[in-house]
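Written out below as structure tokens is the structure these notes cover.
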Amino acid sequence: MEFPISMVIVRRVKPLPYWIVPILALVVGLVISMMILYVMSGGQTTPYDVLLSIYYGFTNLGLLAKTFALLVIVGIGLLVSFKGAIWNIGGEGQFYMGVLLAAWVALFTGFAFNELIGKTTMILMALLAGAFWALLAALPRAYLNIDEVPVTLMMNYIAYYIIDYIIMARWRERQYGYYRTETIPETTKFQLIEGTTLSIELLLLMITIFVLVWLMFKYTSLGLRIRVLSSNPNLLRSSGISVHLTILMALTISGMIIGMAGAAYLGSVSHNLSYPIEEKTPGYGYAGILVAWLSMLELIGVPIAAYIIGALHTAGINIQIAGAGGAAVVNVFIGSILLTYAVLITISEYKIRIIVKKR
Amino acid sequence: MLEAIIGLIAGMSSVFLAYYLAALGHAIVEKSGVLNLAIDGVFVLSVAVAYAQAVYTRNNLLISILTAMIVAAIFGMLLAFFVTKFPISHGATGLSMMFLGYGLASLVGLPARNIQGSIEGLEVGYTIDVHSPVWVIVYIAIILIGLGALFLINKTKIGAAIRAAGEDPAAAEALGVNVLMVRLFAGALGFALIGLGGAIFELSYVQVWSEGTGIGHGWLAFAVSLSAGRNPILLILSSSVFAGLVKYMTAIQAMYNIPQDLAKMLPFVAAILAMVIFMATPLRRRLAPPKSLGKIYFREEKERSEKYKKNCFVLDSSFFSEVDLS
Amino acid sequence: MATQPESSNTFFSSPSKETPIIKLEGITKSFPGVKALDNINLEIYRGTVHALLGENGAGKSTLVKILYGIYTPDKGQIYIDGKPVRIASPMDAIKLGIVMVSQSPVIIDRLTVEENIVLGLEKFNMFAPTRRVRSKIIEVSKTVGVKIDTTTEVWKLSYTQKQLVEIVRGLLLGARVLLLDEAITYLPLEEKSRFYKFIRQFANEGGTVIIITHKIPEAMDVADYITVLRRGKVVGTVPVKNTSIEEIRKMMFGEKSSEITYERLPPGNPGEVLLQIEDLWVKGDFGDYAVRGTSLKVRKGEVVGIAGVAGNGQKELIQAVMRLRHVDKGKIIFENVDITHKTTHFLRLNGVGYIPDLPAKYGVSIENTILENIAIVPTFSSEIINWKRIRALALKMIKEYEVKTPGPETPVKFLSGGNIMKVLVARELTAATKMLVAYNPTRALDEATAIKVRKIIKSKVINENIAALIASEDLDEIFQLSDTIVVMNSGKIVGVFPAEKAKREEVEHLMVM
Ligand SMILES: Nc1ncnc2c1ncn2[C@@H]1O[C@H](COP(=O)(O)OP(=O)(O)OP(=O)(O)O)[C@@H](O)[C@H]1O
Ligand SMILES: [Mg+2]
């Protein structure tokens with residue numbers, strides 16, 4: 001006996017235009033999340049509220065800009081390791097290690113006396129910090145073959161708690177008695193572009209990283225090696241290329257890029273670190289994973305995915321402000337829309353048929 | 001002295017059980033090749049569902065636990081279905097579900113908490129009394145469950161099918177395994193266990209609820225599971241260590257005068273160390289992760305014949321390509 | 001067998017009244033850029049062994065994959081026992097009694113033999129303990145003439161044993177038709193003859209076997225009928241009794257068949273020693289010594305051929321030389337430099353080419369394009385890749401080695417088995433400016449190409465004065481190519497002969513001693 005309903009998925013001869021899926025996913029995901037919110041809030045959150053804030057999220061580019069740029073950087077960083085099938089889930093930790101070291105430069109070293117030197121040192125130290133934090137997970141992965149997913153994930157929490165400890169025990173500001181560090185000096189604050197939340201330095205950083213990573217995958221042996229690492233590491237070995245080293249490079253470069261995002265975040269968005277970090281984080285490290293995955297591991301796809309996720313973030317926060325339900329509304333939103341997106345992305349390359357047998 | 005130790009052991013039985021079950025569930029899901037990043041969200045959701053149901057049923061534990069298990073199992077089957085039927089990333093699907101789980105948990109829990117606040121003296125949960133033999137039963141149960149799971153995974157046909165789906169789904173299909181069915185089964189069973197863990201965590205350990213209860217504990221179960229190489233018996237060991245660390249955190253902190261924030265790091269550091277230790281020993285080979293864990297598996301399907309289509313209603317996503325959208 | 005039609009027309013076996021067990025009518029299958037099968041008509045009869053021959057990329061694998069439900073034809077109809085059928089998946093094929101054993105065993109390494117087998121047996125319910133299948137496996141494996149420990153994990157088995165497991169599994173599933181795609185080409189002699197016996201017996205009991213091979217004598221030995229494919233078309237079907245090697249060759253290669261010869265290639269002119277191995281001890285995969293105190297010299301302008309039955313330490317020796325395996329004791333000296341603790345990278349930069357065993361696993365990355373598979377080797381690109389240069393190289397290789405591909409940007413996975421091998425061989429021969437190290441360098445190549453590759457190797461050795469260390473399980477190859485023949489057995493060198501003085505019987509004897 002055959003099951004009366006079946007689903008058949010076949011590859012399309014020609015893929016759909018790239019913009020159909022995001023739009024479709026948005027529509028379907030929206031309908032789903034509106035239903036969830038409506039039902040579960042007992043009718044308090046109407047579809048109208050939701051639509052309004054979604055519209056707001058997608059169109060308020062000024063507000064969206066910083067989230068977008070940070071997500072692009074983090075997404076690219078993760079993409080580098082994902083291309084080598086090294087699943088770096090530790091973006092959050094690498095990001096915050098970057099924030100931590102950038103804050104250290106800004107607050108406790110003499111570099112802040114000069115704007116250029118201060119900011120450059122912040123970015124460089126953040127880069128090193130992110131690289132170091134990623135390297136800690138890369139070493140056991142490369143030499144002991146320990147799965148990087150749990151290790152990088154655990155390292156996020158370790159990073160949180162180290163930073164919490166440092167804020168409270170060492171760096172806590174004394175003047176007002178808040179659970180946070182001093183604000184970084186004016187010279188180290190990144191310069192906002194008028195009318196937006198984006199800073200010039202962040203924009204430049206994003207563009208530079210994008211171009212460099214593009215060049216890396218297109219023209220360097222390292223880029224090719226990282227890609228072959230995911231498809232057949234045995235070939236690397238018999239070609240005389242160190243698999244260990246390739247793994248180390250993939251993960252460390254990934255951490256480097258994400259660490260820089262941390263410096264940009266401190267310089268242009270937060271300006272200080274407040275306790276407890278795990279509750280204050282905007283979660284770019286995790287959202288970046290979604291960006292990288294939803295880009296289908298294509299560099300060009302990263303900005304598109306970053307735009308969608310950034311907009312949803314902004315939209316969700318807006319509903320929250322409107323007071324319709326707890327902070328968790330953001331999550332329902334992001335969850336259902338991204339889930340639909342993840343599923344629907346297939347139809348750009350595949351046809352899906354649902355077949356119901358007539359009796 | 002001995003009594004004190006027994007007291008400690010007895011005292012952590014509920015956390016132990018909760019972690020063990022959730023970690024075991026995670027192990028079963030991942031053995032089938034499905035990368036499970038939804039665990040924390042679903043764990044948090046089960047916590048909320050168990051709590052809400054306990055409030056609504058005036059603390060009917062059986063119903064509360066069952067509901068949590070069913071809800072979790074539905075998530076598990078969805079995850080398994082999506083990543084097996086569609087060529088999509090396990091990570092993106094899992095994380096989306098995690099966010100959905102967090103969100104739904106708040107929506108489920110908040111109204112229930114309002115109700116609990118309005119009813120005088122309504123308490124939920126069941127505390128295991130360290131002086132009664134219940135905790136002994138819990139420990140025996142853990143061992144029996146462990147042996148049962150070991151038998152299921154390593155000695156039966158369905159166990160072989162689950163591992164086959166995790167090692168090489170394409171080859172498994174060629175060998176006669178219905179990968180989709182097997183993963184649905186593993187997803188349902190595994191997530192039901194995760195849901196059970198969440199429910200027990202809430203009802204016999206935390207017993208109150210506020211937004212965010214349980215966040216991070218799903219990841220801990222994840223760490224427990226991986227640090228034991230997803231082996232049901234080693235899991236007993238690793239979950240007892242983690243349960244002890246979590247349960248007696250405050251005491252340890254006070255005893256050794258460790259700052260609170262650094263103490264919180266301990267379970268995570270321990271998880272990484274456990275993995276390093278296992279991988280540096282000959283256990284390595286036995287505990288290696290499934291080869292196709294998290295890999296996109298996609299079985300190219302064939303167009304049905306025209307004749308077949310005539311007998312069917314066909315709902316086709318291909319109209320998108322026919323409609324000229326530009 | 002008595003009912004088999006006698007045919008006078010060697011290019012066409014006229015069908016008798018008996019319905020063929022398999023009948024293909026107008027089967028056509030295209031892939032992007034190639035027509036792999038073009039209107040194939042073929043009948044295969046019960047109780048016969050039917051060999052499919054043809055050059056690399058002729059469409060042999062595609063044909064059997066269609067029968068096994070891995071591909072569906074674009075056009076055409078398959079009949080089983082005279083009834084039209086649709087084979088959409090391997091499960092459908094198995095239900096019809098068709099079982100395939102392929103070049104790369106489809107079997108799961110980390111499962112035990114019995115687990116692998118029980119998965120397909122419907123009479124065991126999902127919760128049944130796997131051990132229940134044990135007695136059945138043992139019973140069936142006796143008929144094939146092998147002993148299997150059903151509780152070992154498959155990764156511990158040799159390549160051959162894995163294929164035997166697949167066959168046992170097929171029989172347990174009630175196979176009436178066995179499809180063997182280059183499955184037994186590299187069985188050690190002894191096992192091969194045991195296997196032939198089994199095939200014969202299987203056919204005598206009414207089973208049907210379709211076998212793909214590149215060895216014509218092998219096909220003539222074991223098959224009743226031979227069908228030759230060429231560029232996706234059937235050239236003809238002949239009964240083995242009425243044909244000769246030359247005739248088959250002509251059908252396969254046309255004009256080129258005259259170039260096929262197994263004569264010894266012109267000798268090299270050995271000069272100074274380039275590679276020297278001294279008392280080498282190397283461990284195998286399972287921790288015991290696979291190479292036990294081997295010493296060996298390879299000179300410039302010389303081919304040293306290592307003859308031996310698979311699994312006697314050749315693979316480990318080759319890997320140790322390439323610095324892919326840890327050396328426990330002894331020394332390897334290359335160009336007067338002790339390389340015992342140097343890396344593969346060092347050898348690559350010093351002009352060493354390497355053709356590994358199992359090309360798709362160790363030699364190429366099938367997900368990547370031909371270009372990328374070339375660019376990855378340090379010999380061809382430094383930190384920055386010059387794609388223009390790589391492209392030019394690739395086009396030259398494709399032309400020289402007649403690689404059948406739509407272009408250099410094609411992912412390697414879309415090439416046929418032999419063409420994948422050609423990409424690897426072409427790349428490594430280009431990389432070898434001082435020395436070539438190879439294991440079965442012409443495995444999976446058709447006869448004409450194999451001989452051509454040997455000629456290229458030899459001419460490089462003679463003209464460019466490089467050294468070659470080549471291990472092969474194919475004695476024809478060893479004798480045709482080598483200047484010095486070394487016989488390896490149980491990790492030791494048991495004989496060294498100058499090629500002109502080596503006698504085949506003697507070498508064979510030392511190999512199995
Ligand atoms: N999946 C595929 N996608 C694209 N092209 C393919 C695919 N499989 C086979 N081909 C092409 O079809 C042709 C026939 O391939 P096939 O594997 O049947 O050859 P073969 O006769 O088995 O050769 P060999 O002796 O080299 O194994 C080749 O040109 C090959 O490149
Ligand atoms: Mg082939």
Side-chain angles (χ1 to χ4, degrees), chain B residues 31-33 148-186 189 229-231 282 284-293 295-296 299-309, chain C residues 65-66 68-74 77 84 86-95 99-102 104-133 151 153-156 162 165-166 169-170 172-173 285-287:
Chain B
K31 285 255 175 205
S32 76
L150 194 70
F151 181 80
L152 183 82
I153 293 173
N154 287 338
K155 298 285 174 200
T156 64
K157 183 173 167 185
I158 182 82
I162 289 176
R163 280 180 292 133
E167 286 296 318
D168 185 346
E173 196 84 42
L175 287 174
V177 176
N178 185 334
V179 174
L180 181 62
M181 281 304 164
V182 163
R183 285 189 174 172
L184 284 175
F185 173 80
L189 177 63
R230 303 180 186 80
N231 177 303
R284 190 172 49 224
R285 196 145 209 154
R286 294 233 126 259
L287 301 180
K291 254 214 203 90
S292 298
L293 178 64
K295 294 224 174 94
I296 291 178
R299 206 173 134 238
E300 190 101 15
E301 295 182 55
K302 281 101 196 178
E303 296 271 7
R304 304 283 178 121
S305 68
E306 291 303 318
K307 201 169 104 212
Y308 182 86
K309 278 191 212 153
Chain C
K65 280 180 186 164
I66 284 176
Y68 195 53
I70 295 175
Y71 297 146
T72 29
D74 304 336
Q77 182 65 52
R86 183 174 167 271
I87 308 177
S89 72
M91 281 325 281
D92 289 355
I94 290 169
K95 282 197 191 111
V99 172
M100 180 163 97
V101 180
S102 61
S104 43
V106 181
I107 195 164
I108 294 169
D109 272 346
R110 292 240 307 263
L111 264 53
T112 64
V113 172
E114 61 190 32
E115 283 172 342
N116 266 292
I117 290 176
V118 80
L119 290 176
L121 301 180
E122 278 179 352
K123 56 179 170 252
F124 291 90
N125 81 45
M126 281 318 259
F127 293 93
T130 38
R131 86 182 109 74
R132 290 208 197 131
V133 75
T151 55
E153 288 182 8
V154 168
W155 60 268
K156 291 181 187 154
K162 284 188 195 174
V165 168
E166 284 210 78
R169 174 174 169 273
L172 266 171
L173 287 169
D285 288 337
F286 309 118

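Below, chain A is the first sequence line, B the second, and so on; all start at residue 1.
Looking at C/Lys156 and C/Asp285, no side-chain N of the basic residue comes within less than 4.0 Å of a carboxylate O on the acidic one, giving no salt bridge.
For C/Arg169, the part lying near chain B is the side chain, with the backbone staying farther off; criterion is any non-hydrogen pair under 4.5 Å. With a 4.5 angstrom heavy-atom cutoff, C/Glu153 touches chain B only via side-chain atoms. Interface remark: C/Leu119 contributes backbone and side-chain atoms alike to the contact with chain B (heavy atom separation under 4.5 Å). For C/Ile117, no part sits under 4.5 Å from any heavy atom of chain B, backbone or side chain. Within the 4.5 angstrom heavy-atom criterion, atoms from both the backbone and the side chain of C/Asn116 approach chain B.
Separation of atoms CD (B/Glu167) and CG (C/Asp109) is listed at 8.0 Å; rounding is to 0.5 Å. Put simply, CZ on C/Arg86 and CD on C/Gln77 are 10.5 Å apart, with the number rounded to the nearest 0.5 Å. Atom CD in C/Glu114 sits 11.5 Å away from atom CG in C/Leu121 (nearest 0.5 Å).
In terms of non-hydrogen atom pairs under 4.5 Å with chain B, the most contact-rich of C/Asn125, C/Leu111, C/Val133 is C/Leu111. Between chain C and the options B/Ala170, B/Gly159, B/Ala171, the largest number of non-hydrogen pairs under 4.5 Å is found for B/Ala171.
Considering every non-hydrogen atom in both B/Ala165 and B/Ala172, the closest pair reads N-CB, 4.1 Å. Closest of all the heavy-atom pairs between C/Val154 and C/Ile108 is CB-O, 3.8 Å.
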